[in-house]
Amino acid sequence: MSKEITSRATDYAQWYNDLVLKGGLADYSAVRGCMIIKPYGFALWEKMRDALDEMFKETGHENAYFPLFIPKSFLSREAAHVEGFAKECAVVTHYRLKNDPDGNGIIVDPEAKLDEELIVRPTSETIIWNTYKTWIQSYRDLPLLINQWANVVRWEMRTRLFLRTTEFLWQEGHTAHASSEEAMAETLTMLNVYADFAENYMAVPVIRGVKSPSERFAGAIDTYCIEALMQDGKALQAGTSHFLGQNFAKAFDVKFSDRENKLDYVWATSWGVSTRLVGALVMAHSDDDGLILPPKIAPVQVVIIPIYKGTEQKEMLDGKGKELALQLKNAGMRVKFDNNDNNRPGWKFAQYELKGVPIRIAMGVRDLENQTLEVARRDTKEKIAIPLEDISARVNGLLKEIQDQMFQKALDFRDNHISRADTWEEFERLLDEKGGFISAHWDGTAESEEAIKEKTKATLRCIPLNNPAEVGVCILSGKPSTQRVLFARAY
RNA sequence: CGGGGCGUAGCGUAGCCCGGUCAUCGCGCCUGGUUUGGGACCAGGAGGUCGCAAGUUCGAAUCUUGCCGCCCCGACCA
C-alpha cells in the first residue's frame, strides 16, 4: 500500500492531484493556473502526440504553425466566436518595460502602448481564416487540410492540473472544403480518429455524439464530441470536432470559384484535443497505488529490476540485465533496466507502480538458477514466472493483453454506468447514488437543459450518434421527446 | 468573484489560544559503514530573513492591522 497517495474513496480530487504530483507528471508553477509538465508527464504527452500526428497525416493532413498573437479586431469578426471567448482572453497591451523613475523596480512603459491590442490565442480560427483568404481562390486549392500543434491560453476562473489550466498544449486542425457534405465528412472523420485513438491507444472507451446548441463551440454549426467516463462517475469531454459551415469563411471573406466558375464561401471544420487527455488517462485507469498506464502510451513498458547480494552478484546481473533489456528492445518494447544501486528492490517496486509501468521483471540469482523470471503486471498486480527462453514473446503478448484488458475493464465500468431514467426522481437518485451517464428523454429546449443543470449540476453531455428514435416525455418538463440523450456531471 | 483551508529547511509538519533557551519531528540531502526477493539500518553532518510589511512590547513564529501567494468547493470552460 502506498504511504503517500490519498485513496480514491477518501478524496477523489486529492487522489488525482497526488497521482499527478507524486507520479512526476506535473508540478504547480509560480504562475497561477499554469503548470509545469515534468519529463515523465511530457513523455506521456509525446506518446499521445506522436500517435495522433501519425493518424492526422494518414488522413491527409499537414502540420503548419500560426502566430501566438491575434489582433483584437480579428477575434470579433465572427460574432458568436468572440462572445464565446471574450471573457477568458489574455491581452497584450504594451511592448516595452522600463525602470520606474520613482525607483520601484521595473514598470510597463506607458509610451509603449500598442495601437491595437493583441490577444494571446485561445484558439486559432480567426488568424487561420484570415490567412486562408490568401491561400484559397479556386476549388483546386481545396480541400485544405492543416493541423497545428500549439499552446493556447484561456483565462479560466478555476484550474486543475491537466484538466483545465490557463495555458495548455493541444493540436487544432483547421480544414477548408468545397462543399458542406465534404466538410461534414471531415468533421466525422476526425471525430472517429479521436475515438479510435482514445479507445485503441489510451484504452479509454468514449461515446461519440453531438452537442446540444448551448454546449456548441462558439462559432460552430455543430459540435461533435467524444465523452469519456472517469472512475468517480463524472464525464469528461475528451475531444471535439466542429462543423463550422461557412461562418468563418463569411467572417473573413474566403471565397472560391467552383468548376462552373460560380463563387461561393468555403466550408470549414476545426477539431482539437489537448493535454487534458493526460488527465483523462490518469483518472480512467489508475488505482490507489499510483498510475496505471496502457502499454501503447506508457513511456516505459517494461522495467527490469535486478536483485542481488554483494558486488559479485551485482556485476553478474548487470550483464544479464542489459542483455535482457537489449533483447526486449530488439523485440520492439520500450524497456528500462534499473540497476541503480541507491535504492533497494522494494523501493523500486513501489516506485514503478506509482509511475504506472505496465510490466515489471524481477531478476535475481534464484530466478536465473530456475531459468525463469518473475513478471508482474501493474494493472492486476499478478505475478507469474516465465521461462527465460520465452521471455520476449510472452512479455510482448502480455503487453497486448494488458492493453486489451484495460480497455475492457474501462468499457465494462462505463457500460455499467449508463443508466436509463424515466422519472425525475429516478434521474436525481441515479445521479447522486450511482453517477455516470443517465440516458433520459429531453424536450430539446435550452430552457429544460438549463433547468436540469441548475437543479442537479448535470449537463447534457451529448446526443449519441446513430441515436435510436424513441417516443417519450422530457424527464423534467414532461413535454414530448423523440429520443433519449445523455446527461452526466462532468469535469 | 463567493465559501473553506493554508503559508515554519527541498517536501510534509509541531509550536500560535496562554509572547520569554522553541525553532519540533519525519522524509529527503551529505560523509562513512553494513545492506539489497515489497518503500533498509547504524553513526556522524549540513540546511531556517517562521509568506511580506508595519505596529504593540524590554522581548513576536506566537498578539494587532494591512498586503501577497497557494490549494480545495462553487460560478466559467477543453
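Convention: sequence-line order gives letters A, B, ...; per-chain numbering from 1.
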Asker: Table please: side-chain donor-acceptor pairs of residues 215-224 of chain A below 3.5 Å, with sequence neighbours left out.
Answerer:
from	atom 1	to	atom 2	distance (Å)
A/Arg216	NE	A/Ile221	O	2.9
A/Thr223	OG1	A/Phe217	N	2.9
A/Thr223	OG1	A/His242	ND1	2.9

Asker: Do A/Arg394 and A/Ser392 pair up side chain to side chain, a donor and an acceptor below 3.5 Å, judged on atom types alone?
Answerer: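 There is no such pair (donor and acceptor under 3.5 Å, judged by atom type) between the side chains of A/Arg394 and A/Ser392.
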Asker: In dot-bracket form, 5' to 3', how is RNA chain B paired? Count Watson-Crick and G-U wobble pairs only if both distances fall under 3.5 Å, and write | where the partner sits on another strand.
Answerer: (((((((..(((.......[....))).((((((.....)))))).....(((((..]....))))))))))))....
Asker: Just to be sure I understand the rule, does A/Leu236 reach a base, reach only the sugar-phosphate, or reach nothing, if contact means heavy atoms closer than 4.0 Å?
Answerer: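 The residue A/Leu236 makes no contact with any strand.
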Asker: Taking distance alone, no hydrogens or angles, what donor-acceptor pairs closer than 3.5 Å link side-chain atoms of residues 305-316 of chain A to residues at least two apart or in another chain?
Answerer:
from	atom 1	to	atom 2	distance (Å)
A/Tyr308	OH	A/Asp341	OD1	2.5
A/Gln313	OE1	A/Lys309	N	2.7
A/Lys314	NZ	A/Asn339	O	3.3

Asker: Do A/Trp45 and A/Phe168 have their ring centres less than 6.0 Å from each other?
Answerer: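 Between A/Trp45 and A/Phe168, the centre distance exceeds or equals 6.0 Å.
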Asker: Reading nucleotides 32-38 of chain B 5' to 3', which nucleotides get B (base under 4.0 Å from a protein heavy atom), which S (sugar-phosphate only), which -?
Answerer: ---BBBB
Asker: Tell me the interatomic distance from A/Phe217, atom CZ, to B/C77, atom P, rounded to whole angstroms.
Answerer: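 So the two atoms are 13 Å apart, to the nearest Å.
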Asker: Between A/Arg49 and A/Asp53, does any side-chain N to carboxylate O distance fall below 4.0 Å?
Answerer: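 Answer for the salt bridge query: no.
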Asker: Distance check needed: B/A75 P versus A/Glu454 CD, whole Å only.
Answerer: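 One finds 10 Å between P of B/A75 and CD of A/Glu454, rounded.
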Asker: Does A/Tyr491 have any ring pair (Phe, Tyr, Trp, His ring centres under 6.0 Å) partners at least two apart in sequence or in another chain, and if so, which?
Answerer: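 A/Tyr491: no ring pair (Phe, Tyr, Trp, His ring centres under 6.0 Å) contacts found.
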Asker: Quick one: A/Lys87 NZ to B/A75 C1', roughly how many Å, whole number?
Answerer: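 The distance from NZ of A/Lys87 to C1' of B/A75 comes to 12 Å, rounded to the nearest Å.
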Asker: What interatomic distance, in whole Å, is found between C1' of B/C29 and the corresponding atom of B/C67?
Answerer: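 Between the two C1' atoms, the distance is 35 Å.
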Asker: Distances under 3.5 Å only, N/O to N/O: pair up the protein atoms with those of nucleotides 68-72 of chain B.
Answerer:
from	atom 1	to	atom 2	distance (Å)
B/C70	OP1	A/Arg32	N	3.4
B/C70	OP2	A/Arg32	NH1	3.4
B/C71	O3'	A/Tyr28	OH	3.4
B/C72	OP1	A/Asn17	ND2	3.2

Asker: Please say which of A/His174, A/Glu172, A/Gln171 ends up in a side chain to side chain donor-acceptor pair (under 3.5 Å) with A/Asn147.
Answerer: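 Of all the options given, the one that passes is A/Gln171.
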